Protein chains: 2
Amino acid sequence: MPRGLHLLASSRRDRCRLLPQSNKRVVPGATVGRLPAYLQALTELSEAGSRRVASDELASVTGVRSAQLRKDLSYLGTYGVRGVGYDVSQLIDEITAELGLTQDWPVIIVGMGNMGRALAAYGGFGQRGFRIVALADDDPSIVGDVVQGLPVCRLADSLAANERLAIGVITTPADQAQQIADRLVEHGVQSILNFAAIALRVPDNVDVRRVDLSTELQILAFHAQRRDMAKGREGVG
Amino acid sequence: MPRGLHLLASSRRDRCRLLPQSNKRVVPGATVGRLPAYLQALTELSEAGSRRVASDELASVTGVRSAQLRKDLSYLGTYGVRGVGYDVSQLIDEITAELGLTQDWPVIIVGMGNMGRALAAYGGFGQRGFRIVALADDDPSIVGDVVQGLPVCRLADSLAANERLAIGVITTPADQAQQIADRLVEHGVQSILNFAAIALRVPDNVDVRRVDLSTELQILAFHAQRRDMAKGREGVG
DNA sequence: TAGACCTTGTGAAGAAAAGCACAAAGTCGA
DNA sequence: TCGACTTTGTGCTTTTCTTCACAAGGTCTA
């Protein structure tokens, strides 16, 4: 009996509804969330001169178990060599392609307060296909500022000037975020990164990811309190 | 047979190892991650004058299924009234307590670049027990600046001046982040919010959460590419 | 008081993710 | 060529998370 047949068959049936013409397995969401970390570690290894890497090593650098790393990579295909490990640059290419980073993703940042400026200045954008093409803010005292070489325009003008915008980053106050999101969606933006402290309502075909400082702090506080409680009982019991 | 007995017994055994003296069930991590959103929605409802809310309504505002909301809340205890819903302010109190937001959490921000300044200016900190007590940066051209009413000090000085620091926020470049984390940990900080693009190594008793712009963008790109592929095939098939 | 009507709380089922453990498939030295 | 050794890929198990669906328990009107 050919090995792997059962998994292949079941994955065809269960997971490939969205990729009927692809022979790749669908990549689970949890795996997608880890691919950027692998990619970054691999890039560092590559810059340090490594040509090969074993799952143990890459896993330890990225803070996951080696079995999980191998399973994650197995969703992309069979790129490792048993007894040897993975070819660093091949793996970089595969993950880059899987994540869609070979394409061009024009980004607009809406809201040029502190956070918006910080993001505009953040180097990470420029790499990997992401390209900031517009900075928008409707505050008249900000419109016209030049941030990182780009002029700040009113949102309407930014939209008019950029027909294709792939990703919208919202860094406005929460009370404006929904309205901004609506306008972005209407303009065809289907990916939104939301820094405002509000859950955006968008159509099903639009993907929103939220980054919320306050949520992160609260989760930290929860665990900190849990630690303190455990410690307190230790002393008593 | 009394209802709920099995679950109670199994949850005592499976989940309460960390809370031997508590009669509460352990709150699953996924639930903890949603509590801040519930809390925020409830706060808004409360400010709008609502005294009661049903799971359907709260779920729809926060973007989860009502069954999930009820199950999440059930980990905190039995605070709803059948046929009626939940008391808004009671629920606020319960979630606030569960997340540890009644306590005081002194926060230090390390790295006063754009991001650090944006976070220092971010209002969300001040609420809910989080209190920025120190801003640190070792760049001599920045030390001495006053940001949001707080002076920027060298990290060593900030640590010396603040014996108790509950949460450290790292917004330095990636190549300094590990070293900063080590110093924070050595000083007793057990909760770290890491904005640097690197996986920090810390002892088991320290909790790190990472916020990475570049990761978020890459996940968005993955899904966007997936959408585009599906669309492309639609036209063909 | 009774019966119609809501909405919760939760057992059980289902789905997704994580982790284990080992056969398979390669390298390498002699 | 052969056998020792290394590391992958993955079947299987366990754990965690989500969803369903409905009895239980409450309100409210007449």
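Quick caveat, the model's predicted, so the values are computed rather than measured. Chain naming here is simple, since letters A, B, ... match the order of the sequence lines and numbering starts at 1 in each.
Between A:Leu58 atom CG and D:dT7 atom P there is a gap of 14 Å when expressed in whole angstrom units. Between the CZ atom of B:Arg52 and the P atom of C:dT8 there is a distance of 11 Å, given to the nearest Å. When the C1' atom of C:dT7 is taken as reference, atom CG of B:Leu73 falls 13 Å away, rounded to whole Å. Atom-to-atom, CG of B:Leu76 to P of C:dT10 comes out at 12 Å; the value is rounded to the nearest Å. A:Leu69 has its CG atom 8 Å from the P atom of D:dT8, to the nearest Å. Between the P atom of C:dA21 and the CZ atom of A:Arg82 lies a distance of 19 Å, rounded to the nearest Å. The nearest whole Å value for the distance from the OH atom in A:Tyr86 to the C1' atom in D:dT7 is 9 Å. Between the CG atom of B:Asp87 and the P atom of D:dT27 there is a distance of 14 Å, given to the nearest Å.
Put simply, B:Arg34 has a side-chain N or O that comes within less than 4.0 Å of OP1 or OP2 on D:dT18. In this structure, B:Ser55 does not reach the C:dT7 phosphate: none of its side-chain N or O atoms is under 4.0 Å from OP1 or OP2. When the side-chain nitrogen and oxygen atoms of B:Tyr75 are compared with OP1 and OP2 of D:dT16, none of them lie within a distance under 4.0 Å.
Closest of all the heavy-atom pairs between B:Ser46 and B:Val88 is CB-CG1, 3.8 Å. Of all non-hydrogen atoms in A:Val26 and B:Arg226, the two that sit nearest each other are CG2-NH1, 4.0 Å.
One finds the CG atom of B:Leu220 at 11.0 Å from the OG1 atom of B:Thr215 (value rounded to the nearest 0.5 Å).
Checked against C:dA24, D:dC17, D:dT10, the side chain of B:Pro28 finds its nearest nucleotide in D:dC17. Counting only heavy atoms from C-beta on, B:Ala67 has its side chain closest to D:dA21 among C:dG19, D:dA21, D:dT10. Here the nucleotide nearest the side chain of B:Ala30, chosen from D:dT18, C:dC20, C:dG9, is D:dT18.
Across the interface with DNA chain D, nearest-nucleotide mapping of A:Gly83 and A:Gly80 shows A:Gly83 to be the residue nearer the 5′ end. In terms of position along DNA chain C, the nucleotide closest to B:Val84 lies nearer the 5' end than the nucleotide closest to the other residue of the pair A:Arg65 and B:Val84.
Within 3.5 Å, a donor on the side chain of B:Arg70 pairs with an acceptor on the base of C:dG9, or the reverse. With hydrogens and angles ignored, no donor-acceptor pair closer than 3.5 Å exists between the side chain of B:Lys71 and the base of C:dG9.
A:Thr78 comes within 4.0 angstrom of sugar-phosphate atoms only, judged by non-hydrogen atoms across all strands, and of no base.
Counting non-hydrogen atoms of neighbouring residues, nucleotides and ligands closer than 6.0 angstrom, the CZ atom of A:Arg51 reaches no more than 12 such neighbours.
Using modelled atom types, no side-chain atom of A:Arg34 and backbone atom of A:Gln68 make a donor-acceptor pair closer than 3.5 Å.
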